[in-house]
Amino acid sequence: MLVLGAATLLQSCLKNQEDLFDKPSSLRMNDYLTKAQTTLTGASNGWVFEYYPGKTQGYGGFTYTLKFNTNGTVEACKEGVKTAETTGYSLKSDAGPVLSFDTYSTLLHEYATPSSGAYQAKQGDYEFVIDSIGDDVIKMHGKRIGNTMYLYKLNESAEAYLSKVEHQRDLFWYDHTEGTIGTETARQTFDLGSRQMNIGGNDVAYTFTDKGIRLYQPVEVGGKSVRNFQNDDATMQLKCV
């Protein structure tokens, strides 16, 4: 009777779990991938892709733009590179909903392609598990390395945005800043080669935006959570925004 009772209870629990969803998991996954496809291809100007290779983001972040087409191709551009590339992408179920750049691209596979001097390449990813989908922001993480990365919907052309990014990169000469964040007055230092900012006692990777820099993740300083900094070149200041 105990065995029979346990079996009955197990079946009841499983049924209750199944009742939480109105569709089987395979159909829910298909719906999610359809939503991802619609969102990606629905952005008329495309997306900003802030890409971080390396398990500890030791190379810093790099700015790409991506324009997804309904025929399974994507137009990719990168800061500092004059020529765009068109390559293939797919959306599939593989350890979750995955965006895969599965046709070789010198831009999108740059940090994931091994060489004789770097058999692990630069620990880059070209497949990304989609964590959440918003109208203007899509959160993902690298399937192999695990770094969190974001797609931000573009409100202008890819060329215009990347031109601003490159302008900010060329203006950015800081080796340190001093100022107040929240309740703390401190000195922040920069490694321009590896795109690292030491802030609040921690080294955090950053990437360039159209207005300044954005940290890989928010940092708590002086009771404030900071991530975005606007570069005011006229006053030689970085402002938390």
A.B. asks: Can you find a pair of side-chain heavy atoms, one from Met29 and one from Ser26, that are under 4.5 Å apart?
C.D. replies: no

A.B. asks: When you compare the side chains of Thr189 and Asn198, does any donor N or O come within less than 3.5 Å of an acceptor on the partner?
C.D. replies: no

A.B. asks: Before accepting this row, confirm whether a basic side-chain N of the pair Lys164/Glu156 lies closer than 4.0 Å to the acidic partner's carboxylate O.
C.D. replies: yes

A.B. asks: Which atom names give the shortest non-hydrogen contact between Thr103 and His109, and what distance separates them?
C.D. replies: O-CE1, 3.2 Å

A.B. asks: Is Tyr150 close to Val48 at the side-chain level, that is, under 4.5 Å between some pair of heavy atoms?
C.D. replies: no

A.B. asks: Restricting to non-hydrogen atoms, name the atom on His141 and the atom on Gly146 that form the minimum distance, rounded to 0.1 Å.
C.D. replies: CB-O, 3.8 Å

A.B. asks: Mind listing the closest non-hydrogen atom pair of Gly124 and Pro53 along with its distance?
C.D. replies: CA-CB, 4.1 Å

A.B. asks: Just wondering, more than 12 heavy atoms not from Tyr126 lying within 6.0 Å of its OH?
C.D. replies: no

A.B. asks: Please name the pair of heavy atoms, one in Asp135 and one in Lys153, separated by the smallest distance, quoted to 0.1 Å.
C.D. replies: O-CD, 3.5 Å

A.B. asks: With sequence neighbours excluded, what pairs up with Asp232 under the side chain to side chain contact (heavy atoms under 4.5 Å, CB included) test?
C.D. replies: Ala234, Thr235, Lys239

A.B. asks: Verify the cluster assignment for Leu27 and Ile133: are they in a single hydrophobic cluster under the rule of side-chain heavy atoms below 4.5 Å apart?
C.D. replies: no

A.B. asks: Check whether Leu215 and Tyr152 end up in the same hydrophobic cluster, where Ile, Leu, Val, Met, Phe, Trp and Tyr are linked by side-chain heavy atoms less than 4.5 Å apart.
C.D. replies: yes

A.B. asks: If only atom types and distance count, is the side chain of Asp125 paired as donor or acceptor with the main-chain N or O of Ile145 below 3.5 Å?
C.D. replies: yes

A.B. asks: Gln196 and Gly60: which non-hydrogen atoms are nearest, and at how many Å?
C.D. replies: NE2-N, 3.7 Å

A.B. asks: When you compare the side chains of Asn147 and Gln57, does any donor N or O come within less than 3.5 Å of an acceptor on the partner?
C.D. replies: yes

A.B. asks: Between Val165 and Asp210, what is the shortest heavy-atom contact and its length?
C.D. replies: CG2-N, 3.9 Å

A.B. asks: Group every Ile, Leu, Val, Met, Phe, Trp and Tyr by side-chain heavy-atom contacts under 4.5 Å, then state whether Met140 and Tyr216 land in the same group.
C.D. replies: no

A.B. asks: Say whether, by atom type as modelled, one donor and one acceptor occur between the side chain of Trp47 and the main chain of Leu154 under 3.5 angstrom.
C.D. replies: no

A.B. asks: Between Glu85 and Lys78, does at least one N-O distance fall below 4.0 Å, as a salt bridge requires?
C.D. replies: no

A.B. asks: Could I get the full list of ring-ring contact (aromatic ring centres under 6.0 Å, His included) partners for Phe62, not counting sequence neighbours?
C.D. replies: Tyr111

A.B. asks: Only counting residues at least two apart or in another chain, list the ones meeting ring-ring contact (aromatic ring centres under 6.0 Å, His included) with Tyr161.
C.D. replies: none

A.B. asks: Please name the residue in the list Thr209, Thr148, Leu151 that meets the side-chain contact (heavy atoms from CB on, under 4.5 Å) test with Glu50.
C.D. replies: Thr209

A.B. asks: Restricting to pairs with a member in residues 58-68, which pass side-chain hydrogen bond (donor to acceptor under 3.5 Å, both in side chains), not counting sequence neighbours?
C.D. replies: Thr63-Thr207

A.B. asks: Not counting sequence neighbours, list each pair that qualifies as a side-chain hydrogen bond (donor to acceptor under 3.5 Å, both in side chains) and has a residue in residues 34-45.
C.D. replies: Gln37-Tyr89

A.B. asks: Just so I know, are the side chains of Asp131 and Ile138 near enough to count as touching, which here means a heavy-atom distance under 4.5 Å?
C.D. replies: no

A.B. asks: How long is the span from the SG atom in Cys240 to the CZ atom in Arg227, to the nearest 0.5 Å?
C.D. replies: 13.5 Å

A.B. asks: Please enumerate all residues that pass side chain to side chain donor-acceptor pair (under 3.5 Å) together with Asp136, with sequence neighbours excluded.
C.D. replies: none

A.B. asks: Answer yes or no: is there a side-chain heavy-atom contact under 4.5 Å between Phe190 and Ile213?
C.D. replies: yes

A.B. asks: Checking Tyr174 now: which residues fulfil ring-ring contact (aromatic ring centres under 6.0 Å, His included) with it, not counting sequence neighbours?
C.D. replies: Phe172

A.B. asks: For residues Gln188 and Met197, determine if any side-chain heavy atom of one lies less than 4.5 Å from a side-chain heavy atom of the other.
C.D. replies: yes

A.B. asks: Which value, rounded to the nearest 0.5 Å, describes the distance between Leu162 atom CG and Cys77 atom SG?
C.D. replies: 6.0 Å

A.B. asks: For Asn71, check side chain to side chain contact (heavy atoms under 4.5 Å, CB included) against everything at least two apart and list the hits.
C.D. replies: Asn69, Thr73

A.B. asks: Partners of Lys224 by side chain to side chain contact (heavy atoms under 4.5 Å, CB included), sequence neighbours excluded?
C.D. replies: Ile181, Val226

A.B. asks: Check which hydrophobic residues are tied to Leu171 through side-chain heavy-atom contacts below 4.5 Å, counting indirect links as well, and list them.
C.D. replies: none

A.B. asks: With sequence neighbours excluded, tell me which residues meet side chain to side chain contact (heavy atoms under 4.5 Å, CB included) with Glu127.
C.D. replies: Lys92, Val98, Ser100, Lys143

A.B. asks: Same hydrophobic cluster for Val129 and Phe68, using side-chain heavy-atom links shorter than 4.5 Å among ILVMFWY?
C.D. replies: no

A.B. asks: So is Arg195 actually on top of Tyr52's ring, under 6.0 Å and inside 45° of the axis?
C.D. replies: no

A.B. asks: Does any N or O in the side chain of Gln123 come within less than 3.5 Å of the main-chain N or O of Lys55, such that one atom is a donor and the other an acceptor?
C.D. replies: yes

A.B. asks: Test of understanding: clusters of I, L, V, M, F, W, Y form through side-chain heavy atoms closer than 4.5 Å, transitively. Do Val74 and Val81 belong to the same one?
C.D. replies: yes

A.B. asks: Could you list the residues that satisfy ring-ring contact (aromatic ring centres under 6.0 Å, His included) with Phe49, not counting sequence neighbours?
C.D. replies: Tyr51, Phe128

